[in-house]
Amino acid sequence: MFDALSERLRRTLGSLTGRGRISEADVETAMREVRLALLEADVNFKVVKDFTARVRERAIGADVLESLNAGQQVVKIVNEELTTLLSGGDRTLHLAGNPAVIALVGLQGSGKTTTAAKLARHIVKIGRRPLLVAADPYRPAAIEQLVTLGASLDLPVFAAPAGTPVPEIGRLGIAYARHEVRDTVILDTAGRLTVDEVLMAEVTELMHAVRPVETLLVIDAMVGQEAVSVAQAFAAAVPLTGLVLTKIDGDARGGAALSISAVTGLPVKFLGTGEKTDALEPFHPDRLAGRILGMGDVLTLIERAQDAFDTTQAEKAAAKIQSGSFTLEDMLDQLQQVKKMGPLGQVMEMIPGLGGMARQAQESVDRGDLGRTEAIIRSMTSGERRDPTILNGSRRRRIATGSGASIVEVNRLVKQFAEMQKLMKQLRGGRRLPGVFGR
Amino acid sequence: MFWRRRPTEPDQPADEGRVSDAAIEAQLEAELAETEDARTTAQAGGETPRPTDGQLDTGRQALQAELPATGGGPADGDLVAGVARSRGGFVARLKGLLGRGDPDAATWEEVEETLIAGDVGAALALEVVERARRRRDGAGPVAAVRSELTALLVDREAGWVPHRAGPGSPAIILVVGVNGTGKTTTIGKLAFRYRAEGQTVLLAAGDTFRAAAIEQLRAWGERAGAPIVAHAPGADPAAVVYDAVDAAVARRMDVLIVDTAGRLHTKSNLMDELAKMRRVIDRRLPGAAPEVLFVLDATTGQNGLAQARAFHESTGLTGIILTKLDSTAKGGIVFAIERALGVPVCFVGVGEKVGDLLPFDPTAFVGALFG
């Protein structure tokens, strides 16, 4: 499937190390790969054209840094340009006005209602008192959805009686917020197609009525080439101030955000990273640039690891590896830690160069390998966990019965652990790990 | 991080909506409250009675009033109109260029860009153009591109009909897809379609996760005159399917349509949950061979292929419904999906009204993308 751009460039330009400058012909080769990678990531084809032209200009005749080869140098330039594009605009969430009004607009199914709840939670966290206003009278049960989400957050939701014109819902919502002393209004609007003139006129009128300080376009990370025209149409109808990119927890590369930022100059303000109401993250341009390039998202990985890992425990484990006293007991601890970090495939996807292994790893999780390993270790006595060499045939039989695994599986684990210990000894000896993460 | 759903006891009583008349269209909000009451009653007192034939007839008349006179759905010309609404002068100009004999390289490049702009994908667009360029059948470059695009689609029979194991057993349709593609709305439209044909339809509220998803499906059920089997929010969706299949058989329903929660295809636990729902159907009604319809948003880009693959792996897709084709998007990712998986698009959604679900017409679709 999708090959990381860095990987492709390494393949096509990798042999060029040692030269001082990147030649024009090299750049052409590289630009073909860059174009393909960006298009695969759903970056708009016109944006891709402009972008590759700019990168070409910078790359031709550029000095190849000593530490990099030509391919890496091009990746570096591409990455910098992407980051610059994504860094445009003002990413702060403005909350002027009493109440401060934040309006969410977008296509059907982009995730406006869920984002409204997530934003409300974020607003509470920064010490404010939000009111959710349901301004989608069209989709069946849209109001119920917001009411349910509001209740789960213990926040008030304003819904007007059926038949109230949409701009009036906005006005009533603001009046209600003042009356209830809520300092922030989050306005959830109906999803609409940009070709629907009636509904586009309606949202214009609604914005006139409520004068939001922030009008955010909610856009699905999986959207393709149409992202730009959608954003332009909304920008023409309402005063957009930024984007919320949703469903980024899937494997879509999110090129849509780049296209929109490049064409409209609108900044991405938030990312929707899951279905729960706490899954809203501030946007980091460099990280999305890396994702679009398929270079992995090391920073997010590190953050997530920091959240999940018990540092003292990790240090203990590291010390044990160093001293060679790493036991099955410690391995069990590590398994628990890995589980806390989230789906293994997702974790590995974030590590540069490991994207391809991610699927394999996820498959092993899907097969229940981790769970089985855990069960086998748990069926051992603490003596056996400390020293697996005492595991004779009858002990292994007992463990297999106790864990519901086969003796073959028990044998495999014991063998794997023995090999792991051998590797750790080599590590201690300062030798390189032979090809553990290599290709 | 691993689990987001907490399965609850699966033995809550299933409750049903009731058939109602067209007035509900206008008074939906008020009806929702009433439905809630009906549900409470149903949960307290067991099952509400099966709708009588008289009630079904009333519902059917209301439906026919709403559907276009053709009965079987609007003419395919509507698809072209729906998609063409968004077309600019770009393709028209390009057609002018292509019409003048042997196009030059720059023109072919524009053809490629048009396909890419329609989400066909860069690699596939290049392939189509290369093949079209080599074609020497005298039909001209526009026809060559169209033929190459059509050749990517799988063969299909006109007029998709869901499979039924036998005369006494219901056709079962499992509707799957990522979040926000329009599954529940599509189910509403499907229910209308089959009700308008005079069939009895049962809906299963298999999305027990998203807030108010059950209410949304119930509202559609009320409109279409299709009873619904639902458990409490947070219940095991497989248990809902279990009850729904039994209910569909017991009540001799013609069609059972199962709603499912939207899920990103990368979340393996949720994909497993879906596979389990599929297994429950196979076990409760061996040989039922349910239709598994993948709902794809036409605005989706290249990620659509990864989605379809993952859903195909976990549930075995038998068809695709391409929604929101009335937007400016062309849905070009369908070519890559059909070619890779051999699963045909059977319907397209072209609007928010109940009649806005049309049978897929490959010629019209290709024509709307490049024509």
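Chain naming here is simple, since letters A, B, ... match the order of the sequence lines and numbering starts at 1 in each.
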Identify which part of A:Lys46 has an atom lying under 4.5 Å from any heavy atom of chain B, answering side chain, backbone, both or neither.
neither

Need one label for A:Leu39: side chain, backbone, both or neither, based on atoms under 4.5 Å from any heavy atom in chain B.
both

Answer with side chain, backbone, both or neither: which region of B:Thr181 has an atom nearer than 4.5 Å to a non-hydrogen atom of chain A?
neither

Could you tell me which residues satisfy ring pair (Phe, Tyr, Trp, His ring centres under 6.0 Å) with A:Phe51, sequence neighbours excluded, listed by chain and number?
none

side-chain contact (heavy atoms from CB on, under 4.5 Å) with A:Val263: which residues, sequence neighbours excluded?
A:Val47, A:Val228, A:Gln232

Set out, in order, the CA-CA distance, both residues' side-chain angles and the distance that settles ring-ring contact (aromatic ring centres under 6.0 Å, His included) for B:Phe365 and B:Phe335, then state yes or no.
CA-CA 11 Å; B:Phe365 181 71; B:Phe335 292 101; 5.6 Å; yes

N-O pairing of A:Lys49 and B:Glu113 below 4.0 Å
yes

Which of the residues A:Thr148, A:Asp42, A:Leu193 is involved in the greatest number of heavy-atom pairs with chain B at under 4.5 angstrom?
A:Asp42

Yes or no on side chain to side chain donor-acceptor pair (under 3.5 Å) for A:Gln108 and B:Glu352, after CA distance, side-chain angles and deciding distance?
CA-CA 10 Å; A:Gln108 287 94 338; B:Glu352 297 200 314; 2.7 Å; yes

Structural part of A:Leu146 lying under 4.5 Å from a heavy atom of chain B
neither

